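Okay, structure first, notes after.
All values reported here derive from a predicted model rather than from experimental measurement. To find a chain, count down the sequence lines: A is the first, B the second, and so on, and within it residues start at 1.
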Amino acid sequence: MVSKRLTLSNSLGFHMRPAGVFARAMENFSCDVWVYHRGVRANGKSIMNLIAACIKCGEEVEVRCDGPDEEAALCRAVELIEAGLGERRR
Amino acid sequence: MLCGIAASSGVGVGRALIYREADLSGGDRLVEDAAEELERYHAAVEQFCVRREEKAQRVSLTAGPQQAEILRSQAVMIRDPYLNGQIEGRIASLQCAEAALRTVCGRFIETFSAAEDEVTRLRAADVRDLRDGMLRQLLGLPEIDFSDLGPGTVLLADELPPSAASSLDPANVCGIVLRTGGRASHCAILARALEIPAVMGVPEVLEAAEEGELLAVDGSKGCVYLGLTAEEARGYEEERDEFLRMKEFLRCFVGCETASKDGMRVRLAVNVSNENDVLRAEEYGCDGVGLFRSEYLYQERDALPDEEEQFRVYRRMALAMKGRPLVIRSLDVGGDKELPCLEQEREDNPFLGCRGLRLCLREEEMFLAQLRAVLRAGAFGDVRLMLPMVAGVDEVRRVKALLERAKAELRAREQAFREDLPLGVMIETPAAALTADLLARETDFFSIGTNDLTQYTMAVDRGNSQVAYLYSCYDPAVLRALRYAAECGHAAGIPVAVCGEAAADPLFVPVLLGLGIGELSVHPAALLATRRAVSLWTGEEAAALVHQAMALSTEAEVHDLLEREKRI
């Protein structure tokens, strides 16, 4: 299992569109992807779960990947979040 | 008569069809074979997605791609791995598909409904619609389908879920009355796209109306008339025909020049809040954008839009105008219109507080970003900048200094911009109206915002029912403010426009013509009617009307005069 803590920088947090960008990208990996936020765990491959987690801009999350391609998945997840999930950064 | 929110204009007369949501609570039972139940569930998901896609394609043709997107997003949701996993898990532990779906969707509805931001809250309606559509699949109930309702149906309902609303056929449904909803709801947007008269937010409609009775819906006034006799119905049919005749008649003003009866050209521009409004205006034809409310770029977001994002929007709009003017109003918010992305202090008197230009001058960095974006967009079209809530010359000078700073920064970056960006002020405070002679020397154009000018001149809050009667642009005080501002503008040789609701008031249009206002800027839906109103008067007749109006002492007298002289 690998993990990294980082701060969400896109303007709206995990909304329908950014959540879709993230979930679709994570689906390409076979490992499990979890996004931890305020002690709640959201499935990183689920748009619904990510929206429901109500993660807002400026909040810290921890991304955990667990499985055969975990390194690549985490790398991609960090890249996406740091790039603002297809949105403008604050 | 019942009253509600006027959600889609026009008059519809027909027979009531009360739509009640079917009972979807059944179907709970014990499951013996989990694999079989899972198969049943998966088949329902497949069918559901096929149906949604069919509907999406149909609605895309009738009401546009945005409505179709709403339906497609439901297919994405039901295939979501987490939601699916939750449901499958419950089925695997021998819960039936219906119960599993209800529980899991119910949790999402609860979470989304409790969200702080509106965008997420709106998703709850989608989950509800998705759940009900799936339950119909599982229970073997037909999809809600309004496409084969008989002609002359007025649909009454609690609410219409997006999937049901998408099957509305304007050939059959001549009116909609809903217990819930408002102008911004999915259904209202759809009704306007399909041109079906609609009234929403009528709490008592389902109890008051009887299935099959004759009723009329006035979607322009927000009224519903129940239990009509055949004769009364004919009266409303005449109103409907009149509305349609007028609408059809106004079509002949599409794409025309705007001119008075004696051929004097008047510029007819449009007020827009976003890029979609521009598309609507282009259907009818206009001489440019007279007011672009830049607020929408700042709303519903946690962070301020940066220069680049604003620049891209302004540039797109400038290019869309193809050489016609695009007047961008700098950010106009204040205590009454709060922005989540900006810290604003609570004020006791927000309308007299830090709003409009005052806020921009306080938030210099934010304002500079907007100024740079506007200046840069100016390299791509006839972009102009307009300042709201100006109270005097000093503020204009401060903006000019900031503009110079913004230009210097752009020069240092070697970015193209409009060096001679025209700078105008809105005349909407008595201070601006009274110093119009001074302001005219320092600016390139005036635009009179009659809504705020009326409010501040009369010192009245139009939302306060005790004093709302005082709110009228026909008042001699407002007329004098208008006349002085227009005269000062003309004396200085700068263009004077009017961009408030008064510009679209057919009674008031001749007064504005008579005052020599050279540009009217109205909302897209009012373009044709305003173009026609202008065409009914000669310059001389309008000037004579102003002369008469100025001699009157009260609002009521002016109102009477304008009614008497009204031209249809």
Side-chain angles (χ1 to χ4, degrees), chain A residues 7-61 64-67 73 81-90, chain B residues 69-70 72-89 101 104-127 130-131 297-313 339-342 369 373:
Chain A
T7 305
L8 217 61
S9 66
N10 71 314
S11 60
L12 287 172
F14 267 115
H15 258 286
M16 190 71 179
R17 222 170 306 129
V21 168
F22 189 83
R24 270 197 305 279
M26 291 302 109
E27 263 175 28
N28 296 327
F29 298 95
S30 58
C31 66
D32 289 334
V33 180
W34 302 105
V35 178
Y36 283 78
H37 169 251
R38 294 188 186 171
V40 180
R41 185 177 81 160
N43 183 339
K45 298 182 179 185
S46 161
I47 300 176
M48 297 289 279
N49 214 194
L50 287 170
I51 302 176
C54 292
I55 307 168
K56 291 203 285 289
C57 177
E59 291 188 330
E60 199 185 56
V61 294
R64 285 189 200 167
C65 300
D66 193 2
I81 292 176
E82 285 185 342
L85 294 165
E87 284 201 346
R88 191 139 295 287
R89 291 181 64 180
R90 189 165 202 163
Chain B
E69 244 353 272
I70 293 171
R72 291 204 173 100
S73 74
Q74 293 184 8
V76 173
M77 287 182 174
I78 193 67
R79 288 197 165 114
D80 185 87
Y82 176 80
L83 185 127
N84 242 316
Q86 292 275 306
I87 294 175
E88 285 169 353
L101 190 71
V104 175
C105 288
R107 281 210 202 123
F108 278 105
I109 294 167
E110 213 174 289
T111 316
F112 288 3
S113 306
E116 280 171 33
D117 64 293
E118 196 182 347
V119 191
T120 305
R121 279 202 301 274
L122 281 173
R123 291 279 153 205
D126 289 318
V127 183
L130 150 102
R131 175 197 65 193
L297 282 163
Y298 293 76
Q299 277 155 356
E300 283 177 33
R301 52 190 297 161
D302 299 328
L304 290 168
D306 65 12
E307 173 189 329
E308 207 55 36
E309 180 180 354
Q310 294 189 62
F311 164 64
R312 276 198 290 267
V313 172
L339 291 182
C341 59
L342 196 67

Seminar exercise, completed: If you tally heavy-atom pairs under 4.5 Å between each of B:V127, B:T111, B:L83, B:D80 and chain A, the highest tally belongs to B:D80
Problem set entry | Neighbour count >12 (heavy atoms, 6.0 Å) for atom CD, A:E60 | yes
Problem set entry | Toward chain B: residues of residues 46-53 of chain A with heavy atoms under 4.5 Å | A:S46, A:I47, A:M48, A:N49, A:I51, A:A52
For this session: Please name the pair of heavy atoms, one in A:K45 and one in B:P81, separated by the smallest distance, quoted to 0.1 Å.
Result: O-CG, 3.0 Å
